[in-house]
Amino acid sequence: MPEIARPVDVDELARIIATAAAEGRALEIMGAGSKRAVGRPIAADAIVSTQNLRGVTLYEPAELVISAYAGTPLQTIETELAKHNQRLAFEPIDLGPMLGGEAGVATIGGVFATNLSGARRILSGGARDHILGVRAINGRGEAFKSGGRVMKNVTGYDLSRGLVGSWGTLAVLTEITMKAMPNAEEVRTLVIAGLPDEIAIELMCAAMGTPYEVSGTVHLQKELAERLENERLRGAASAITALRIENLSPSVAYRIAQLKRRFSAYGETAELDHHESIAFWRELQRLSFLTPSRDPVWRISTRPTTANRVVQAIAGYMECRAAYDWSGGLIWLEVPHSADAGAAEIRRVIATLGGHATLIRARPEVRASVEVFQPLEAGPWRLTAGLKAAFDPANVLNPGRMYAEL
Amino acid sequence: MGVIPLIKAEPGIVARREQIVAALRRIVNPEAVIADEVGRRAFETDALTAYRRLPLAVVLPGTTEEVSEVLSFCQRNGIKVVARGAGTSLCGGALPAEDAVVLGLSRMNKVLEVDTDNRFARVEAGITNLAISEAVARHGFFYAPDPSSQLACTLGGNIAMNSGGAHCLKYGVTTNNVLGLTMVLMNGEVVELGGPFVEQPGYDLLGLVVGSEGQLGVVTEATVRILKKAEAARPMLIGFDQSADAGACVAGIIGAGVIPVAIEFMDKPAIHVCDDFAHAGYPRDVEAMLIVEVEGSDEENEASLERIAAIARAHGARHVKVAESAEESAAIWKGRKSAFGAMGHISDYLCMDGTIPLGALPEVLTRIGEICARYGFRVANIFHAGDGNLHPLILYDANNPEELEKAEACGAEILKLCVEVGGCLTGEHGVGIEKRELMPYQFDDIDLVQQMRLKEVFDPDWLLNPGKVFPLRLRNAA
């Protein structure tokens, strides 16, 4: 493995990239590397980490804004926010443990570069919705900025949002300004055990169709629910469906009561109180239900009401275990090892039923041989290639990580 | 006349006007092409009415295919195109040019699909913002972004400008509520981005297109997120003797962990003009007023407003009044939403749109007062306080040509002030022609050049909505 360069300031990072561009060398870009095992393996001449660019540079709790260098650990930011009873509302998920690494090492740059948002996305939006501004270095080694530090800003094109989820292939984020949100005064969770997937999805969609601002709708099939750390839920030995309410305390009580009343026909509900709820949703944020296994995992986006059919169709080809987030709009699917991790069948099902699929966990040889990210239609593909060339014309940054040709 | 330079029309294109019109009439339904001068006159300006240019021709397409045919023809012939919704842009974002074809999307206003289970609606881009909410209202749903012009403005225009509104503190702006687009590129290619899914695959092309001011492609359809309406909404009015107290109160509310659905600020001149116009029941003897709105059940709202009232009193509020009926609530919002119209009844005005960090509010209001006094203008300030978006209205006399120039100079100073305190030139109206030459106050050349490289991916010949967003100096250098 090549040595890892950890530049200590933005100028040094820019010089490294400019030099690589001039010499035609490829760089693997990472933060802490907790998500290195996602994407196509990169044949890089050198590795550059942003880990030594760290520190919170601005935090105005009353303005709900925080800025930090890209290498700042997410944990540092969360600790800082917690001092003022705030949080990142998009609930970033931690891929570390399910990929065989540690929990809690991710950097804030990595969080935004991968746009991996958690259960609350369904109510509050994802990482891409919480970006306010960035400083970054493109593949020419030029430092540029976009956006700013205020909540509402349409000055010029929205390059910040374009960089979120680009997996370090367009530019290296060096500083990020994002929205902070207050912690909810109270959190409670309703859990119903034993629902078949189809009924659970119906319930979750109905819950999102209420005015109660449900902030999490998750359904785990039995095999995955049995891996939960929460003993009460694991002990149910059945599928579980969870609905979360977060708000001022009087509202939580009212809304939970309303949900129970409306959905009593779905079966008996258990309730997780404030502390148990916080622990449970943290556990989901770490994807604990995928951690004990090393089998390949796909992340599939589809319409909630087709999610069950997607899983059923795939189950016709291979044994699989599913967890549904975002009412079914997001499926975590664990499948058996095979040469392509089921890519051919899964993508065929998706093509029929609508959606897209990304391979999140698989052996390197599998990731090298299949399309890890969803292949694009001709139009978006041409724009994608154009975008790569507009930011990184010499193909220096994470070449091949998302698509073999780029 | 204003002082913003406009790019010169290409005489070669203007000279071929008759042939171009004839060709367009072969491509689309001939009745969809407006060529006579009176007809074109209706499209010569937008809501930045000081700037007018008679377009070469106007096409009102009815389908994505027609849009594609027109764009493809224009690209082959080197003809510029300005896409237009309702023409409500306050920054000249839809200003045409003598050598440009205006593509008016207003006929494409259909609702194509409503899916409440999956919480999306698919509509044509010429639909008005409010019509989307109306189309889903019978299911108890709504489309969240609510610019003041929502009765007239189109979704396509909202997408171009990434429009906000009073309620985006809670629900976000256009970019947070659009899931997918059908877009036609300048070469006629039809591209689908995103869809009825929470996330889209690959790069966030959707995020790049929203807010690109109609310069990357012409959006013809969109899939938008729709949300279930709250059980009830209830506003309250809070009056202060000093605007600094109002600013501190907003910080206090947010700091206490309460995020209302809207927090709107008005200074005394704005309060009086809006109250005179709408009889909104505003307190007239205060220096600054907040409209704070919460949503939930009646009991929930009662509890939330009580908390907010307590915070307000702790910050020296002199007047605290909760709306006691649906009529009172409606009057409160009528006053705010008609602010621009009400102001128009008493004077011509320029509406600025900077955003500032909330903490800078007292300083910025003081300095805006000083700047306007120096130019001899009165000013009224309206502020989306929750998100820092400030709308100073500079009152001037449009019949006096010198006054517009002075008002523009005054506005430019205010926007530079917004940038100086850590904010930006425009929070929700867009750059258009109006703020194009101010961009270097916020961005270095390299920042703008990186944006221009993006433009060239979509429209390498720079034919779409030309002369907007980027300083002319840079475009000429590129």
Side-chain angles (χ1 to χ4, degrees), chain A residues 60-64 85 121-122 125-126 128-129 138 142 144-146 148-159 161-162 164-166 181-183 185 205 208-211 248 250-251 254 301-305 326 329-330 354-356 373-374 376-377 379-380 383-384 386-387 390 402, chain B residues 116-119 161-162 164 172-173 176 189 191-193 196-199 201-205 207-208 210-212 228-231 251 254-255 257 259 296-297 299-300 303-304 355 357-359 387-389 422-428 430-431 439 442-443 446-447 450-451 453-454 457 469:
Chain A
E60 291 287 349
E63 292 168 15
L64 303 175
N85 200 23
R121 192 196 199 299
I122 196 168
R128 56 95 66 189
D129 296 294
N138 65 20
E142 298 164 343
F144 68 96
K145 65 178 179 295
S146 169
R149 57 157 286 196
V150 287
M151 283 288 162
K152 230 156 129 194
N153 185 349
V154 295
T155 321
Y157 295 168
D158 199 351
L159 298 185
R161 215 171 308 276
V164 176
S166 65
M181 292 303 275
N183 276 320
E185 186 172 277
C205 287
M208 291 312 293
T210 69
L248 302 177
S251 290
Y254 167 73
S301 279
T302 187
R303 288 181 187 80
T305 52
W326 308 344
L330 177 71
H356 51 93
F373 289 84
Q374 178 73 23
L376 301 172
E377 302 287 331
L383 295 173
T384 295
L387 204 56
M402 291 182 77
Chain B
T116 53
D117 283 343
N118 294 304
R119 299 191 306 152
M161 294 314 197
N162 190 14
V173 296
N176 310 115
E189 187 182 354
V191 180
E192 300 282 344
L193 301 179
F197 314 115
V198 175
E199 284 184 348
Y203 294 150
D204 197 342
L205 297 169
L208 290 167
V210 178
S212 62
K228 186 74 174 184
K229 262 193 231 154
E231 287 172 278
I254 290 171
I259 302 286
S297 68
E299 296 74 28
E300 288 179 291
S304 304
T355 307
L358 180 60
D387 50 41
N389 191 194
C424 66
L425 295 170
T426 173
E428 59 182 359
V431 178
M439 290 290 266
Q442 185 173 335
F443 293 113
I446 181 59
D447 306 330
Q450 189 59 55
Q451 294 180 32
R453 288 178 185 143
L454 172 68
V457 172
V469 184

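Residue numbers start from 1 in every chain, and the chains themselves are labelled A, B, ... in the order their sequence lines are given, proteins ahead of strands. Since the model is a prediction, treat every value here as computed from it, not as a measurement.
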Determine yes or no for a side-chain-to-main-chain donor-acceptor pair under 3.5 angstrom, with B:Gln450 supplying the side chain and A:Ala390 the backbone.
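Side chain of B:Gln450 to backbone of A:Ala390, a donor-acceptor pair under 3.5 Å: yes, one is there.
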
Between B:Thr355 (side chain only) and A:Lys152 (backbone N and O only), is there a donor and an acceptor less than 3.5 Å apart?
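At least one qualifying donor-acceptor pair exists.
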
Pick one of side chain, backbone, both or neither for [X], based on which atoms fall under 4.5 Å of a heavy atom in chain B.
X	value
A:Leu159	both
A:Met402	side chain
A:Asp158	both
A:Glu185	side chain

Checking heavy atoms, do the side chain of B:Glu428, its backbone, both or neither come under 4.5 Å from chain A?
both

Please look at B:Asp117 and chain A and tell me whether the side chain, the backbone, both or neither of the residue comes under 4.5 angstrom of a heavy atom of that chain.
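For B:Asp117, heavy atoms of backbone and side chain both lie under 4.5 Å from chain A.
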
Taking side chain to side chain donor-acceptor pair (under 3.5 Å) as the definition, give me every residue that meets it alongside B:Ser212, ordered by chain and number, with sequence neighbours left out.
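Side chain to side chain donor-acceptor pair (under 3.5 Å) list for B:Ser212, sorted by chain: empty.
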
Using a cut-off of under 4.5 Å for heavy-atom pairs, which of [options] has the most such pairs with chain B?
options	result
A:Glu377, A:Met181, A:Met151, A:Arg303	A:Arg303
A:Val164, A:Leu330, A:Ile122, A:Asn183	A:Ile122
A:Gly379, A:Pro211, A:Gly354	A:Pro211
A:Cys205, A:Gly125, A:Ser301, A:Gly156	A:Gly156
A:Arg149, A:Arg161, A:Met208, A:Lys145	A:Lys145
A:Gly329, A:Pro304, A:Gly126	A:Pro304

Can you sort out the partners of A:Phe373 under ring pair (Phe, Tyr, Trp, His ring centres under 6.0 Å), two or more places apart, ordered by chain and number?
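Once residues adjacent in sequence are excluded, the partners of A:Phe373 under the ring pair (Phe, Tyr, Trp, His ring centres under 6.0 Å) criterion are A:Trp167.
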
With chain A as the partner, which of [options] has the greatest number of non-hydrogen pairs under 4.5 Å?
options	result
B:Leu205, B:Leu193, B:Val469	B:Leu205
B:Gly427, B:Gly388, B:Cys424	B:Gly427
B:Val210, B:Ile254, B:Val173, B:Asp204	B:Asp204
B:Gly211, B:Gly255, B:Ala251	B:Ala251
B:Gly202, B:Gly296, B:Ala303, B:Ser304	B:Gly202
B:Ile259, B:Asp387, B:Val191	B:Asp387

At what distance, to the nearest 0.5 angstrom, does CD of B:Glu231 lie from OH of A:Tyr254?
3.5 Å

In Å and rounded to the nearest 0.5 Å, what is the CG to CD distance from A:Leu376 to B:Glu192?
13.5 Å

One pair to check against side chain to side chain contact (heavy atoms under 4.5 Å, CB included): B:Leu208 and A:Leu387. What are the steps and the verdict?
CA-CA 10 Å; B:Leu208 290 167; A:Leu387 204 56; 3.6 Å; yes

Indicate yes or no: does B:Glu199 engage A:Arg128 in a salt bridge with an N to O separation below 4.0 Å.
no

Full working for side chain to side chain contact (heavy atoms under 4.5 Å, CB included) between B:Leu425 and A:Thr155:
CA-CA 6 Å; B:Leu425 295 170; A:Thr155 321; 3.8 Å; yes

Does some side-chain heavy atom of A:Asn153 sit less than 4.5 Å from a side-chain heavy atom of B:Gln442?
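Result yes, sub-4.5 Å side-chain heavy-atom pair found.
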
Give a yes-or-no answer on whether the side chains of B:Asn118 and A:Thr305 include a donor-acceptor pair shorter than 3.5 Å.
yes

